[in-house]
Amino acid sequence: MVDKRRTRSRNEGLIGEGPVVYWMQRDQRVSSNWALLYAQEQAIARRVPLMVVFNLVPHYGKATLRQYDFMLKGLEEVETKLTSLNIPFTVLVGTPEETIPAFVKKHKVGEVVVDFNPLRFVDGWKKTVGKSLSVRLTEVDAHNIVPCFVASDKEEFAAYTFRPKIHRALSEYLTKFPTLKKHPYGELGLTSIKWSKCFESIDVDESVAPVAFVSGERAAQAMLKEFIKMRLTRYHLDRNDPTLSGVSGLSPYLHFGQLSAQEVAMRVRESDAPNDAKDAFLEELLVRRELSDNFCFYNNAYDQLAGAHVWAQTTLTKHTKDKREVVYTLEALEQGETHDDLWNAMQLQMVKEGKMHGWCRMYWAKKILEWTPDPQSAIDHALYLNDRYSLDGNDPNGVVGVMWSICGVHDRAWNDRPVFGKVRYMNYSGAKRKFDIKAYIEKYGSKSTLFT
DNA sequence: ATCGGCTCGCGCAA
DNA sequence: TGCGCGAAGCCGAT
């Protein structure tokens, strides 16, 4: 049985007699998916068919062809897996406000199940769709281990206020996933998805090319296996050195929901890596990751200076008039054309590979604050670049990373200094102390393979 | 190389 | 009401 506390109703609709539909959004996987499992459980209890739909919007946040390509390739695998389980899968092209109610009407659907995402434009779809449906819209948090709306009932001040809540709830939610069954009711329609038509329907910037990073549930499982075998043992020692391969590499898979965070947590816990390594990784996977959803869920101004702690807003506003030593345009930043060779290398790595090392994300964003006319422009620029080029862009994790770096979200005050005020400062010599920046710049600092 | 101070406010203990 | 402590740091003193 799926724990009812993972679910909440998003409208006043009533459960009807017809099929159950899972409106897949953020959790684009067949295995270990509480929303899909819940939908099947409801369908079997009512002896009705189960269907899965994905609504493909022509543009999503600031995503480019790079992210769409990764996503659609993952969804092809979803189609194959669902088909073998007698669960029809459909991609609806258009806006969900129109497509979902029409689909529900056409198929006389009795209940719509949807996964959870705190980003405001996604939540807006659910509000509108929920209102126009006469049947129930049930939301299941399939992304977080402890459901976001259960973990805390307010915006958390920092990781230390959130951590005990997560750890206390963990044993109740870290439960084994039931197996998705071959669905016993209904028959598959014969129309398979025309994926080339899906690609044609999107309207995004195609100049940001797809990257050589294999998409899908199978690739995600392989990466998880490799991480646990090769890198987890030294995770606590190597993760903050961008010249080493110390990080998990799971972020794109977690972002698109091709991998379940809960499954990752359980596999890491049962591995025989040292406890220090496991603790360091689980801190990031459980506490920081889920804290990002908490921030975006409870803070309406999650991408604005107004969303920061009051002390941070005060100090940054006070320092907005400070003279910047150098100011770069968004274009100069995007091209990696600053005076800072380390920063340029980080930017170019993201442009080329679609990813940026965790430690670099902080340094990178803080420099944008230093080099832009005001904090809100810095937030906008950092999110623009991250959401365009990173495979895991357009995600609460990226939002909080930028907000932590630029306006001290979940952080505390430090020494007062120009431009930054009391927001934690980072600089080039700090990076030098920490890792071999020369090796890093040699590896990523060249523009030779760019824009060819 | 190592250490303390910087600075804010939450949340628990008393 | 007091007090400990926090996501990755910096800087100057020793």
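Below, chains carry the letters A, B, ... as their sequence lines are ordered, and counting in each starts from 1.
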Item to check | Short side-chain N/O contact from Asn240(A) to OP1 or OP2 of dA8(C), under 4.0 Å | outcome: no
Next on the checklist: Walk me through whether Tyr328(A) and His381(A) qualify under ring-ring contact (aromatic ring centres under 6.0 Å, His included).
Outcome noted: CA-CA 11 Å; Tyr328(A) 293 110; His381(A) 288 359; over 10 Å; no
Checklist entry - dG9(C) C1' sits how many Å from Glu370(A) CD, rounded? => result 14 Å
Item to check | Mutual orientation of the aromatic rings belonging to Phe157(A) and Tyr160(A) [parallel < 30°, tilted 30-60°, perpendicular > 60°] | outcome: perpendicular
Checklist entry - Using a cut-off of 4.0 Å on non-hydrogen atoms, how would the nucleic acid contact of Met362(A) be classed: base, sugar-phosphate, or nothing? => result base
Checklist entry - Where does the angle between the aromatic ring planes of Trp359(A) and Tyr363(A) fall among parallel (under 30°), tilted (30 to 60°) and perpendicular (over 60°)? => result parallel
Checklist entry - What's the NE2-P distance between His309(A) and dG6(C), to the nearest Å? => result 16 Å
Checklist entry - What integer number of Å spans the P atoms of dG4(C) and dG5(B)? => result 14 Å
Checklist entry - Whole-Å distance between dA1(B) C1' and Arg433(A) CZ? => result 12 Å
Next on the checklist: Give me the atom names and distance for the closest heavy-atom approach of Leu383(A) to Asp303(A).
Outcome noted: CD1-CB, 3.8 Å
Item to check | Rounded distance in Å between the P positions of dA7(C) and dT2(B) | outcome: 24 Å
Item to check | Pairing string, 5' to 3', for DNA chain C - Watson-Crick or wobble contacts under 3.5 Å, brackets [ ] where pairs cross, | to another strand | outcome: ||||||..||||||
Next on the checklist: Output the rounded distance in Å from CD (Glu284(A)) to C1' (dA8(C)).
Outcome noted: 9 Å
Item to check | P spacing across the pair dG9(B) / dG9(C), given as an integer number of angstrom | outcome: 23 Å
Next on the checklist: Classify the ring geometry of Tyr253(A) against Phe70(A): parallel below 30°, tilted from 30° to 60°, perpendicular beyond 60°.
Outcome noted: tilted
Checklist entry - In the 5'-to-3' direction, what one-character label does each nucleotide of nucleotides 6-14 of chain B receive under the scheme B = base within less than 4.0 Å of a protein heavy atom, S = sugar-phosphate only, - = no such atom? => result BBSBBS---
Checklist entry - If you count the non-hydrogen atoms of other residues, nucleotides and ligands that lie under 6.0 Å from CZ in Arg218(A), is the total more than 12? => result no
Checklist entry - Going through the distances and angles, do Phe295(A) and Phe162(A) end up as a ring-ring contact (aromatic ring centres under 6.0 Å, His included)? => result CA-CA 11 Å; Phe295(A) 181 71; Phe162(A) 189 54; over 10 Å; no
Item to check | Distance, rounded to the nearest Å, where Tyr428(A) contributes OH and dC10(C) contributes C1' | outcome: 18 Å
Next on the checklist: Classify Arg288(A) by what it touches in the nucleic acid, base, sugar-phosphate, or nothing, heavy-atom distance under 4.0 Å.
Outcome noted: base
Next on the checklist: Tell me whether the rings of Tyr235(A) and Phe227(A) are parallel (<30°), tilted (30 to 60°) or perpendicular (>60°).
Outcome noted: perpendicular
Checklist outcome for this item: From NZ of Lys366(A) across to P of dG9(C) the rounded distance in Å is 10 Å
Item to check | Length of the line joining Arg424(A):CZ and dC10(C):P, which is rounded to integer Å | outcome: 9 Å
Checklist entry - What nucleic acid atoms does Arg163(A) come within less than 4.0 Å of, heavy atoms only: base, sugar-phosphate, or nothing? => result sugar-phosphate
Checklist entry - Could you state the NZ-C1' distance from Lys434(A) to dA7(C), rounded to the nearest angstrom? => result 11 Å
Next on the checklist: When the P atoms of dA8(C) and dA1(B) are compared, how many Å lie between them, rounded to an integer?
Outcome noted: 22 Å
Next on the checklist: Would you say the ring centers of Phe149(A) and Tyr298(A) fall short of 6.0 Å from each other?
Outcome noted: no
Item to check | Pairing residues for His255(A) by the ring pair (Phe, Tyr, Trp, His ring centres under 6.0 Å) criterion, not counting sequence neighbours | outcome: none
